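Report on one structure; see the data block that follows.
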Amino acid sequence: MIRTLLVGYGGMGKVHYANTAALESAVIVGIVGTERDREEAEKTGLPFFLTISEGMKALSADVIDITTPTFLHKDHAIEALREKADVIVEKPLALSAEDARKIYQAADKAGKKVYPAYVMRYTKEYDVLSSLVREGRYGNVAEASFWRLSEMPGWVDGSWLFDREKSGLIPFDLHIHDLDMIISLFGNFSSFDEYSPLSPDGMKHFYSIAYDYGSFRVTAEAGWLRGKIPFSSGWRLIMEHGVAVYDGNRITLYSEDGENDLTPSYSRIVSTGINVPPTGWYYEELREIYAAISEGSDGRVKKEEVFTVLGAAGKL
Ligand SMILES: NC(=O)c1ccc[n+]([C@@H]2O[C@H](COP(=O)([O-])OP(=O)(O)OC[C@H]3O[C@@H](n4cnc5c(N)ncnc54)[C@H](O)[C@@H]3O)[C@@H](O)[C@H]2O)c1
């Protein structure tokens with residue numbers, strides 16, 4: 001059983017806690033947070049610490065799982081690697097490719113591994129998309145589009161999410177999920193075109209982006225919108241002989257022979273407590289990451305992809 005120290009017990013900390021509890025391969029043995037997390041964290045019955053080093057001194061965990069606000073990822077990941085633990089880090093791994101390189105250098109120095117928890121890459125919906133793109137059964141890709149739209153987030157404690165220096169705003173916080181899928185599927189683009197109007201408070205609240213791949217293009221929309229719209233995310237893949245649409249719920253393939261339901265199913269659904277309905281996504285992500293940790297192999301998200309994605313997000 002892999003023993004994990006969880007760092008951060010806010011929205012995502014609780015998601016990691018609930019999903020790790022559903023796994024047979026790993027167990028959370030302690031929680032690190034701020035004084036404000038103490039009461040909630042202690043309800044789990046686990047020991048609570050204010051620093052990673054205190055937690056590691058008491059528990060010497062095998063893995064440190066970091067779910068703190070984004071601007072703390074670099075320092076927390078490097079500290080965790082110095083403690084000689086493998087490290088899982090919530091998305092985005094860091095706020096620049098340069099910081100991400102420093103994390104991987106610290107991992108090499110410690111002889112440990114970094115597992116960016118980029119959940120979309122571990123979903124079964126991504127597997128369907130990836131096979132359609134890679135197997136080419138319906139011909140070449142003519143156009144792909146991705147969207148991720150939400151009402152203005154009001155659920156994050158404090159203001160770190162709305163500070164570009166701390167969260168990277170929409171490119172690093174929201175669009176990163178799609179950008180990571182785009183780069184992993186199609187590689188780096190040759191150029192891009194972006195439209196991102198300012199809202200009255202001076203923040204860019206909506207991005208419409210076109211990534212140019214020469215023979216085809218990929219478009220994306222990402223927004224924290226001023227309206228109580230339900231969260232929506234999905235993709236559409238136009239191929240020479242078919243179209244696949246993921247509407248955030250079902251995947252339908254429309255080919256010249258008719259219509260096919262490609263929606264995958266999950267064996268384990270876990271409630272999230274955040275603005276995402278109960279899902280198998282985080283369970284699958286952590287299950288596969290812990291399997292990689294047991295084998296000593298890398299996760300799905302490769303470091304060169306991480307650098308490319310962070311570099312691209314930095315240009316938006
Ligand atoms: N994969 C996803 O679907 C998804 C969804 C939401 C957020 N996230 C990512 O998860 C991360 C956390 O986001 P959140 O929404 O949970 O934020 P949050 O503000 O709800 O929680 C952050 C937690 O970290 C704790 N913390 C702050 N400073 C700390 C420190 N120095 N030491 C230890 N703990 C500290 C806070 O007290 C809190 O418990 C972000 O990087 C975000 O991008 C990922």
Side-chain angles (χ1 to χ4, degrees), residues 6-18 31-43 48-52 65-80 88-100 102-103 116-120 148-180 194 196-207 209 221-233 272-276 282 309-310 312-316:
L6 178 64
V7 186
Y9 199 61
M12 277 320 282
K14 292 183 182 109
V15 170
H16 283 223
Y17 178 79
I31 299 175
V32 178
T34 59
E35 205 47 71
R36 290 171 62 185
D37 299 317
R38 183 183 290 279
E39 199 182 324
E40 279 282 297
E42 285 182 348
K43 285 185 193 159
F48 178 77
F49 307 93
L50 291 172
T51 62
I52 291 176
D65 180 0
I66 296 167
T67 67
T68 48
T70 301
F71 66 100
L72 298 171
H73 289 181
K74 183 188 89 177
D75 288 352
H76 281 159
I78 291 175
E79 189 182 345
I88 300 172
V89 188
E90 250 312 324
K91 56 93 313 223
L93 178 62
L95 285 166
S96 66
E98 197 190 340
D99 282 355
K102 289 183 184 150
I103 296 174
Y118 286 11
V119 68
M120 298 317 300
R148 197 165 295 272
L149 302 169
S150 145
E151 66 172 293
M152 189 70 186
W155 51 84
V156 176
D157 195 12
S159 62
W160 69 268
L161 190 61
F162 305 109
D163 180 340
R164 185 161 184 121
E165 301 293 308
K166 293 187 170 172
S167 73
L169 300 176
I170 288 173
F172 288 85
D173 194 81
L174 190 66
H175 178 52
I176 198 96
H177 288 292
D178 295 313
L179 189 51
D180 171 58
E194 168 228 338
S196 51
L198 286 177
S199 62
D201 61 10
M203 201 180 104
K204 290 181 172 185
H205 59 135
F206 174 73
Y207 283 74
I209 311 155
E221 288 182 345
W224 287 335
L225 306 178
R226 304 313 199 266
K228 297 228 166 276
I229 60 153
F231 177 79
S232 70
S233 68
T272 69
I274 57 170
N275 70 327
V276 177
Y282 300 102
V309 167
L310 292 175
K315 293 189 185 123
L316 292 169

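Since the model is a prediction, treat every value here as computed from it, not as a measurement.
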Please determine whether a side-chain nitrogen of the Lys or Arg among Arg226 and Glu151 lies less than 4.0 Å from a carboxylate oxygen of the Asp or Glu. no

Is any side-chain heavy atom of Tyr9 closer than 4.5 Å to a side-chain heavy atom of Lys14? yes

Rounded to the nearest 0.5 Å, the OH atom of Tyr17 sits from the CG atom of Leu6 at a distance of 9.5 Å

Contacts of Glu35 that satisfy side-chain hydrogen bond (donor to acceptor under 3.5 Å, both in side chains) - sequence neighbours left out: Arg38

Side-chain touch Leu174/Ile176, heavy atoms, less than 4.5 angstrom: no

Contact check, side chains of Phe206 and Leu149, non-hydrogen atoms, under 4.5 Å: yes

Between NZ of Lys74 and NZ of Lys102, what distance do you get to the nearest 0.5 Å? 4.5 Å

Between Met203 and Leu198, is a side chain to side chain contact (heavy atoms under 4.5 Å, CB included) present by the stated rule, with each step listed? CA-CA 5 Å; Met203 201 180 104; Leu198 286 177; over 6 Å; no

Decide yes or no for Ile88 and Ile66: does some side-chain heavy atom of the first lie under 4.5 Å from some side-chain heavy atom of the second? no

Going by heavy atoms in the side chains, are Leu310 and Phe172 under 4.5 Å from each other? yes

On a heavy-atom basis, which atom in Ile170 and which in Ala222 lie closest, and how many Å separate them? CG2-CB, 3.8 Å

Can you check whether Leu161's main-chain N or O pairs, donor with acceptor, with Ser167's side chain at less than 3.5 Å? yes

Side chain to side chain contact (heavy atoms under 4.5 Å, CB included), that's the test. Do Leu225 and Met152 meet it? Break it down for me. CA-CA 5 Å; Leu225 306 178; Met152 189 70 186; over 6 Å; no

Please identify each residue that fulfils side chain to side chain contact (heavy atoms under 4.5 Å, CB included) with Asp75, with sequence neighbours left out. none

Can you name the salt bridge (charged side-chain N to carboxylate O under 4.0 Å, His left out) partners of Lys315, sequence neighbours left out? none

Residues two or more places apart in sequence or in another chain: which of them pass side-chain hydrogen bond (donor to acceptor under 3.5 Å, both in side chains) with His76? Thr68

Taking distance alone, no hydrogens or angles, what donor-acceptor pairs closer than 3.5 Å link side-chain atoms of residues 90-100 to residues at least two apart or in another chain?
from  : atom 1 : to     : atom 2 : distance (Å)
Glu90 : OE2    : His16  : NE2    : 2.7
Lys91 : NZ     : Asp173 : O      : 2.7
Ser96 : OG     : Asp99  : N      : 3.1

Is the closest side-chain heavy-atom distance between Met120 and Asp180 below 4.5 Å? no

Indicate the atoms forming the closest heavy-atom contact of Phe231 with Ser150, along with that distance. CD1-CB, 3.7 Å

Test item: Val32 and Phe48 side chains (from C-beta on) under 4.5 Å apart, heavy atoms: no

Once you measure the plane-to-plane angle for Phe71 and Trp160, does it fall in the parallel (<30°), tilted (30-60°) or perpendicular (>60°) bin? tilted

Enter the distance from His175:NE2 to Leu169:CG here, rounded to the nearest 0.5 Å. 14.0 Å

side-chain hydrogen bond (donor to acceptor under 3.5 Å, both in side chains) with Ser196: which residues, sequence neighbours excluded? Glu194, Lys204

Of the non-hydrogen atoms in Arg164 and Ala313, which two are nearest, and what is the gap between them? NH2-O, 4.4 Å

For residues Glu221 and Tyr207, determine if any side-chain heavy atom of one lies less than 4.5 Å from a side-chain heavy atom of the other. no

Rounded at 0.5 Å granularity, tell me how far CG in Leu316 sits from CD1 in Ile209. 4.5 Å

